[in-house]
2 protein chains.
Amino acid sequence: MKTRRKSPVNLITTDQNACSINLRLRILGRLPFFAGLSQKALESINQRFNSIGYNAGEFIYFAGDVADKLFVVAEGKIKIFQHGSNGRNVMLDILAEGDFFGNLTVLGASNYPDTTQALTSTCVLCIQSDGFGQILNDYPRLAIKTIQVVEKRLIAANQRVFKISSLTVEKRIAFTLLELGQKLGVQKDNSLLIDAPISRDDLAEMTAATAETVSRVMSQFQSNGIIESGRLWVSIINMEALRDLSKME
Amino acid sequence: MKTRRKSPVNLITTDQNACSINLRLRILGRLPFFAGLSQKALESINQRFNSIGYNAGEFIYFAGDVADKLFVVAEGKIKIFQHGSNGRNVMLDILAEGDFFGNLTVLGASNYPDTTQALTSTCVLCIQSDGFGQILNDYPRLAIKTIQVVEKRLIAANQRVFKISSLTVEKRIAFTLLELGQKLGVQKDNSLLIDAPISRDDLAEMTAATAETVSRVMSQFQSNGIIESGRLWVSIINMEALRDLSKME
DNA sequence: GCAGTTAACTGATCTATATCATGGAAGCTT
DNA sequence: AAGCTTCCATGATATAGATCAGTTAACTGC
């Protein structure tokens, strides 16, 4: 029997004051989204935001809630998913610092189509959707940037459909691990640690598979020296091998 | 053996002059997207568009082409899909009058992620992406409307992922038929004809299934009196039964 | 109206992955 | 450090749907 290893993922990513008022401006200013705005504009935009902290496991909102807010991840990791009544969830993404989520536009009284839950302790910045609408009206360049953000996600979503319908589970998992590595990876000596507490179940929800199948594939990856993994952590050892495996041919 | 019926779908939907210059303004003005703009603004926007006609089967663009144009369907039906090298395509949507496709924003030198092909003879309006970007800059309300259009598609794409991963093929087909009925349906005495030449292969590409499986399910639907169908056409007889079948429970 | 082509139907078989079931390891809790 | 809970591994079995294959029906063009 393979022996699993202790988790190298640090679950406490923020301290209590990460969301303090005086830090908001700095966080917003760092976002590529707001790059190029004057300090004055940035300050006025900052006025409209406030910040909220969540502990690991807490929900930010549920699918069906009235969608009147837009959020930005300031610190921590958040999973965004749709839940099937049967318990078959589908994860759309794991959000990290700088990612937007919630309601981007002022669609009259709509509801969130998905649910968001903190994976680690997190801090999010929050703004009323109509306030954000006014900002977009005042700064058309931001509106165009917003279109680009949403369009990128649309393209990614379409590619996910493509992968689910034409790739094997093994390839989908390989792909997903590469994406997670790229987005959440931190270099640790000779491996790339995915810096979020990801379970087999999470991977199953990301790849449209079952936890058992994911477990089998991950075991195989591990015995081939491609990854290292344990309870709630994964780390990529051989990136090239993963890339080969994910090839569509 | 069940005998199939002659197609009631009219494949010739446009005449040669449907795209004539003097019709463009009328078509643009009808679009909900441009609703609320002054006649003057509309005329200046119209200046930037030109129109192109395609015969059934012709391609508007291929995945990978340089994405420098935005299109609007003026008349006809267009399928938009991704093709897998193996021949396993994934259809994203069937576009009808008023739908946008192509490149909405001025992303520096990107490529189309999908391929578009006319299902009937069609006419499309066309604008350079950077020209459209200027329009969005001039009319921030249009930019916000654009965000809404893309966001709706994103939500639809995510729901497609959800359906593929958690519903049976039968349910997915039922769902897809309902969507097609809603979008392309025309009432014919006691049935709703889907007004586009849709093959079993097309349905397979829409539902992430094979043509054979689709054929079997459609045969069953037909013998249950839920639909009527033949070579390149489908018509819904019993909407309620389809809705029941598509229920997720 | 006949020949050729493409789309659709259906039977037989196969397989990737889900399901069901059990045991073991990691990490909390007190 | 003992007990509890959650997560992970893995074997055995079942099955939805893919694949392979052969036939029939609708449309197209001459």
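Lettering of chains follows the sequences in order, A, B, ..., and the numbering in each one begins at 1. This is a predicted model, so every value here is computed, not measured.
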A.B. asks: By side chain to side chain contact (heavy atoms under 4.5 Å, CB included), which residues pair with A:Glu170, not counting sequence neighbours?
C.D. replies: A:Thr168, A:Val217, A:Gln220, A:Phe221, A:Leu245
A.B. asks: When all nucleic acid strands are considered with a 4.0 Å heavy-atom cut-off, which category describes A:Ala209: base, sugar-phosphate, or nothing?
C.D. replies: sugar-phosphate
A.B. asks: Between A:Leu167 and B:Arg200, just flag the one whose closest nucleotide in DNA chain C comes earlier from the 5' side.
C.D. replies: B:Arg200
A.B. asks: So what does A:Ser199 hit on the nucleic acid, given a heavy-atom distance under 4.0 Å: a base, only sugar-phosphate, or nothing?
C.D. replies: sugar-phosphate
A.B. asks: Mind calculating the distance between CD (B:Glu212) and P (D:dA18) to the nearest angstrom?
C.D. replies: 8 Å
A.B. asks: Just wondering, do B:Arg153 and B:Val149 contact through their side chains at under 4.5 Å, heavy atoms?
C.D. replies: yes
A.B. asks: Would you say the side chains of B:Arg200 and B:Ser229 form a donor-acceptor pair under 3.5 Å?
C.D. replies: yes
A.B. asks: Rounded off to whole Å, could you give me the CD-to-P distance for the A:Gln220 and D:dC8 pair?
C.D. replies: 18 Å
A.B. asks: Rounded to the nearest 0.5 Å, what separation is found between the CZ atom of A:Arg88 and the CD atom of A:Gln82?
C.D. replies: 15.0 Å
A.B. asks: Between C:dT19, C:dT17, D:dC8, which nucleotide has the shortest distance from any of its atoms to the side chain of A:Arg88?
C.D. replies: C:dT19
A.B. asks: How long is the line joining CG of B:Asp202 and P of C:dT6, in whole Å?
C.D. replies: 16 Å
A.B. asks: From CD1 of A:Ile173 over to C1' of C:dT17, roughly how many Å is that when rounded to an integer?
C.D. replies: 11 Å
A.B. asks: Would you state whether a donor and an acceptor, one from the side chain of A:Arg216 and one from the base of C:dT19, lie under 3.5 Å apart?
C.D. replies: yes
A.B. asks: Test A:Met91 against A:Leu203 for side-chain contact (heavy atoms from CB on, under 4.5 Å), laying out the working first.
C.D. replies: CA-CA 9 Å; A:Met91 201 187 301; A:Leu203 279 169; over 6 Å; no
A.B. asks: So, is B:Thr213 close to the D:dA16 phosphate, meaning a side-chain N or O under 4.0 Å from OP1 or OP2?
C.D. replies: no
A.B. asks: Say whether A:Ser235 and A:Ser191, considering side chains only, have a donor N or O and an acceptor N or O under 3.5 Å apart.
C.D. replies: yes
A.B. asks: Measure the distance from CG on B:Asp201 to P on C:dA8 and round it to the nearest whole Å.
C.D. replies: 7 Å
A.B. asks: So, does B:Thr210 get its side chain near the phosphate of D:dA18, meaning an N or O under 4.0 Å from OP1 or OP2?
C.D. replies: yes
A.B. asks: Grab the CD1-P distance between A:Ile164 and C:dT17 for me, whole Å please.
C.D. replies: 13 Å
A.B. asks: Against the six-membered ring of A:Tyr61, is A:Lys69 placed for a cation-pi contact (under 6.0 Å from the centre, within 45° of the normal)?
C.D. replies: no
A.B. asks: Nearest-Å distance, CG (B:Leu203) to P (C:dC9)?
C.D. replies: 11 Å
A.B. asks: What's the closest nucleotide to the B:Gln222 side chain, out of C:dC9, D:dC8, D:dA9?
C.D. replies: C:dC9
A.B. asks: Rounded to the nearest 0.5 Å, what separation is found between the CG atom of B:Leu192 and the CG atom of B:Leu180?
C.D. replies: 10.5 Å
A.B. asks: Rounding to a whole Å, what distance do you find between A:Met218:CE and D:dA9:P?
C.D. replies: 8 Å
A.B. asks: If you only use heavy atoms from C-beta on, which nucleotide in D:dC8, C:dA8, D:dA21 is closest to the side chain of A:Ser215?
C.D. replies: D:dC8
A.B. asks: Compare the minimum distances between each of C:dT6, C:dA26, C:dT17 and the side chain of A:Arg231, then state the nucleotide with the smallest one.
C.D. replies: C:dA26
A.B. asks: Over its full length, what angle do the end axes of the helix from C:dG1-D:dC30 to C:dG23-D:dC8 make, each axis taken from five pairs and the result rounded to 10 degrees?
C.D. replies: 50°
